[in-house]
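What follows is a short report on a single structure.
Along the sequence shown, the residues carry numbers beginning at 1.
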Amino acid sequence: MFSDVGPLEVVTLAVLAVLLFGPDKLPGLIQNVSTFIRKYREFSENAQQEIRSELGPEFKDFEFEDLNPRTFVRKHVLDGDGLGLDEIRDALDPRQELTEVANAVRGAADDAAEPAAQRTASPVSLGKDTPASAERPPFDHDAT
């Protein structure tokens, strides 16, 4: 229930409890809280037993954790019939189709590049044109 609470957080809560309630009232408060938790657990266990007895013997293996959708899917859909996440992931994975398309495009580009390689063409610059002068632009110290 409190598995994600670290030791530093427990110490912080203890110090806060001493500061808020004082050392005189703290033992009685701890006793009241522990009594409440014990009664709550008994109530929930009795409710679970009552629900199981009302459902009958065919629901003997019913677990309340199965009501969580993630647990239900993991237990009944992915484990029982052999259709797991790997099969679903492979069926929906577009990598193979994309690889085939990329290979086809590369093959078509290679076929088109062979006649173009025989011709001589002027080089085309795809980047920014650099100014003819090699001077750096002025730097404004106030702008930064």
In Å and rounded to the nearest 0.5 Å, what is the OH to CD distance from Y40 to E45? 11.5 Å

With heavy-atom distances below 4.5 Å as the criterion, would you say the side chains of V101 and E97 are in contact? no

Side chains of L55 and R52, heavy atoms from C-beta outward: is any pair under 4.5 Å? no

Should we count CD of E50 as having more than 12 external heavy atoms under 6.0 Å? no

With distance as the sole test, does E9 use its side chain to make a donor-acceptor pair with the main-chain N or O of G6 at under 3.5 Å? yes

Taking all heavy atoms of N103 and all of R106, pick out the closest pair and write down the distance. OD1-NH1, 3.2 Å

At what distance, to the nearest 0.5 angstrom, does CG of N46 lie from CD1 of I51? 11.0 Å

Can you measure from CG (D24) to CG (L29) and round to the nearest 0.5 angstrom? 12.5 Å

Grouping I, L, V, M, F, W and Y whenever their side-chain heavy atoms are under 4.5 Å apart, do F21 and I30 come out in a common cluster? yes

Could you walk me through whether Q96 and T99 pass the side chain to side chain contact (heavy atoms under 4.5 Å, CB included) check? CA-CA 5 Å; Q96 183 179 7; T99 304; 5.7 Å; no

Linking I/L/V/M/F/W/Y whenever their side-chain heavy atoms sit closer than 4.5 Å, directly or via other members, would L26 and L20 fall into one cluster? yes

